[in-house]
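Bear in mind the structure is a predicted one, so any value in this text is a computation, not a measurement. So that the names make sense, note that chain A is the first sequence line, chain B the second, and so on, each numbered from 1.
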Amino acid sequence: MRNLEIARVFETIADILEMEGDNPFRIRAYRRAAQNVEALAEDLESIAQRGALTEIPGIGKDLAAKIQEYLSTGRLSDLERLKDRFPPGVLQMLSVPGIGPKKARLFYESLGVKSVDELEAALKEGRWKDLPGIRERTVEKILSGIKTFREGMGRKLLSHALPLGEAIASALSSSGLAKRVELAGSIRRRKETVGDLDVLVISDRPREVVDLFASMSIFKEVLSKGDTKSSAITADNFQVDLRVLEEGSFGAALQYFTGSKSHNVRIRTLAQRKGLTLSEYGLFEEASGKLVASSTEEEIYAALGMSYVEPELREDRGEVEAALEGKLPRLVELEDIRGDLHVHSNWSDGTADLEEMISYAQGLGLEYIAITDHTSSLSVAHGLDRERALRQVEEIREIAGRFPGIRVLCGLEVDVLPDGSLDMDEEVLSKLDVVVASVHSHFNMSREEMTRRVLRALQNPYVSILGHPTGRILGEREALDLDVEAVIREAAARGVALEVNSYPKRLDLPDALVKRAMELGATICVNTDAHVPQQFNNLRWGVYCARRGWATRERCLNALGFEELVARLRRRRPALR
DNA sequence: GCCGTTTTCGGCCCGACTGTTTTCAGTCG
């Protein structure tokens with residue numbers, strides 16, 4: 001599957017053309033092509049074989065030829081030519097918030113800086129003073145952008161890392177050399193970003209496992225390779241650590257390598273108090289060195305007098321105490337989620353029409369979805385004004401009848417305006433089943449103003465869900481300056497659900513705040529915010545995030561069956577039919 | 001570079017915000 005690779009190629013071309021000041025529509029064509037290629041469910045190679053490349057939206061004759069060239073030669077002559085114009089580090093500057101093509105080019109051509117690091121140094125040395133249009137405030141903004149950029153770097157989104165880990169694990173499993181393969185570390189804890197990847201293997205032929213691992217074609221460099229351990233780096237600079245163990249110590253090793261560090265410190269202290277000692281090889285009696293437990297994690301936790309702790313909870317956020325008291329929650333699972341209440345179509349900025357979205361969701365076995373397109377103040381997304389909104393309601397009700405396998409609710413993702421009012425009148429809102437209220441603009445209000453704004457939206461009787469409540473985007477945008485505690489309390493009091501947006505870069509509410517929402521009695525709703533049918537599959541990322549926040553099925557709005565859900569929505573929205 | 005019941009050329013999304021200017025350029029969504 002080389003779709004992602006080709007999407008990146010188109011993105012890079014778009015970046016370079018943008019720096020050269022090329023026709024903006026041509027640039028947009030490349031970006032749109034990249035997006036559509038990335039969203040494809042089918043392999044580009046098999047589409048190419050069918051000769052159907054131009055059937056992909058946004059792919060015409062030219063781009064189809066470029067895809068063909070890339071598939072057959074592994075390179076693209078156009079791109080090679082363009083790449084000579086700007087060093088890769090200059091292209092990377094575009095990922096720094098506050099730097100676009102114009103500034104990147106300016107810095108490169110007039111300061112000679114070829115990377116983000118060099119740019120930072122030059123700015124700190126004050127070498128920007130003679131540059132046109134660059135003053136103190138701009139420099140401050142860019143320096144803080146560089147900080148944000150660095151925080152997002154080096155770590156990969158879970159949604160990228162987990163499939164990679166699963167591919168490595170399955171290659172090792174299918175070799176027949178391993179009795180068991182598990183991913184450990186933060187990826188097993190389902191942390192939203194992952195710094196590296198830990199793979200544990202049980203085998204009595206460790207040398208061969210190591211050889212197989214080190215020879216995998218995904219790696220560009222093998223850092224170390226011994227009898228039971230190896231580390232290697234993938235082409236996109238992601239480190240993978242392999243550890244091969246004997247069957248007996250698997251539980252202890254899995255527990256040890258899953259972490260987190262702070263969770264393990266707590267566990268080992270606990271063991272010490274009981275006269276025991278815990279290592280990656282097992283739980284032993286301190287005095288005699290006698291093995292107490294080692295083959296499964298369950299045994300180890302049990303021997304310490306605790307209930308089993310799900311990996312997602314192992315962050316030392318109170319799970320040790322709760323496990324000792326037997327009071328850990330039963331976490332929500334992917335199978336508990338019955339529907340999706342935040343879905344877009346091509347009525348606003350989605351790519352698929354209503355039928356496609358509904359039929360895909362039905363195919364996945366969802367019991368219900370709510371269509372929630374944007375409202376008109378979000379003009380970039382071609383949001384709906386009242387007339388189109390009303391027309392869409394009629395159309396949804398009509399189309400829904402043709403899909404007996406799934407219930408389709410009418411909704412909107414309504415913009416929360418700066419004063420906290422909603423971007424749609426009450427007459428329209430009263431005709432909807434679900435209203436997701438979201439902040440999409442004016443991100444830099446003061447904490448007081450922003451909090452007042454969101455609280456006012458929550459107080460609106462038509463709002464059912466607060467969409468991506470903090471507005472953060474991993475590696476791209478900080479969370480809104482918001483008194484989240486007050487927002488959670490208000491949501492709990494008003495019966496408005498807080499969204500856990502499953503989009504891998506959002507995961508918003510973030511896990512720590514999901515936990516706070518649980519503590520304060522609020523309800524969450526794990527939605528995909530799908531703009532493309534395939535994005536319904538993002539649900540798992542949201543569920544992981546919710547689990548890391550101790551969320552239970554009982555406190556998850558869309559774990560309710562349809563009748564219960566409607567009853568719940570109606571409780572807040574008397575007008576619901 | 002794509003696209004088409006306004007169809008093979010001429011559109012294609014554009015408003016808000018910021019910081020720089022003194023009427024605007026760059027970035028973002």
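- A close approach under 4.0 Å does not occur between any side-chain nitrogen or oxygen of A:K141 and OP1 or OP2 of B:dT27.
- For A:F25, the side-chain atoms get nearest to B:dC12 when compared with the rest of B:dC12, B:dT20, B:dC3.
- Contact annotation for A:P24: no contact, since no heavy-atom pair falls under 4.0 Å across all strands.
- A distance of about 16 Å separates the P atoms of B:dT20 and B:dA25, rounded to the whole Å.
- Within the 4.0 angstrom heavy-atom criterion, base atoms lie near A:R26.
- Of the candidates B:dT21, B:dC2, B:dG1, the closest approach to any side-chain atom of A:R135 belongs to B:dT21.
- With values rounded to the nearest 0.5 angstrom, A:T470 atom OG1 is found 6.5 Å from A:L480 atom CG.
- Screening A:L417, A:D415, A:V463 for a side-chain contact (heavy atoms from CB on, under 4.5 Å) with A:L422, the sole residue that qualifies is A:V463.
- The nearest whole Å value for the distance from the CZ atom in A:R388 to the P atom in B:dC13 is 13 Å.
- The partner of B:dT8 is absent, by the rule that a Watson-Crick or G-U pair needs both atom distances under 3.5 Å.
- The phosphate of B:dC12 has neither OP1 nor OP2 within less than 4.0 Å of any side-chain N or O from A:R28.
- The nearest whole Å value for the distance from the CZ atom in A:R32 to the C1' atom in B:dG11 is 13 Å.
- The side chain of A:R31 contributes no N or O atom lying less than 4.0 Å from OP1 or OP2 of B:dG1.
- In A:Y70, the OH atom is crowded: over 12 heavy atoms of neighbouring residues, nucleotides or ligands sit closer than 6.0 Å.
- Contact annotation: A:R477 reaches the phosphate of B:dG29 (side-chain N/O to OP1 or OP2, under 4.0 Å).
- When the P atom of B:dG26 is taken as reference, atom CG of A:L94 falls 14 Å away, rounded to whole Å.
- Here, B:dT8 and B:dG1 have their C1' atoms 14 Å apart, quoted to the whole Å.
- Close to B:dG15, at under 4.0 Å from its OP1 or OP2, lies no side-chain N or O of A:S441.
- Contact annotation for A:E140: no contact, since no heavy-atom pair falls under 4.0 Å across all strands.
- Distance NE2 (A:H440) to C1' (B:dC14): 17 Å, rounded to an integer number of Å.
- A:P101 comes within 4.0 angstrom of the backbone, heavy atoms only, and of no base.
- Between A:G60 and A:K102, the residue anchored closer to the 5' end of DNA chain B is A:G60, taking for each the nucleotide with the nearest heavy atom.
- Relative orientation of the A:H468 and A:H342 rings is tilted, given thresholds of 30° and 60° on the angle between their planes.
- Here A:R105 lies out of heavy-atom contact (under 4.0 Å) with every strand.
- Using atom P as the reference point in both B:dC13 and B:dC2, the two lie 15 Å apart (nearest Å).
- Within the 4.0 angstrom heavy-atom criterion, only backbone atoms of the sugar-phosphate kind lie near A:I99; the bases stay farther away.
- Looking at the side chain of A:K103, the nearest of the listed nucleotides B:dT27, B:dC2, B:dT20 is B:dT27.
- Projected onto DNA chain B by closest heavy-atom contact, A:H382 and A:A64 fall at different nucleotides, the more 5' of which corresponds to A:A64.
- Residue-environment remark: CG (A:D130) stays at or below the threshold of 12 foreign heavy atoms within 6.0 Å.
- Nearest nucleotide to the side chain of A:Y30, out of B:dC28, B:dG1, B:dG19: B:dG1.
- Here B:dA25 presents its C1' atom at 17 Å from CZ of A:R137, a figure rounded to the nearest Å.
- Distance A:K129 NZ to B:dT20 P: 13 Å, rounded to the nearest Å.
- One C1' atom belongs to B:dT6, the other to B:dG11, and the distance between them is 11 Å to the nearest Å.
- Rounded to whole Å, atom P of B:dG26 lies 17 Å from atom CG of A:D15.
- Distance check on atom P: B:dC14 versus B:dT22 gives 29 Å, rounded to whole Å.
- In this structure, CG on A:D349 lies 10.0 Å from NE2 on A:H382, to the nearest 0.5 angstrom.
- Going from the C1' atom of B:dG26 to that of B:dT21 covers 13 Å, rounded to whole Å.
- The nearest whole Å value for the distance from the CD1 atom in A:I13 to the P atom in B:dG1 is 9 Å.
- Rounding to the nearest 0.5 Å places OG1 of A:T351 at 6.5 Å from CG of A:N36.
- Note on A:I27: nothing from the nucleic acid sits closer than 4.0 angstrom, heavy atoms only.
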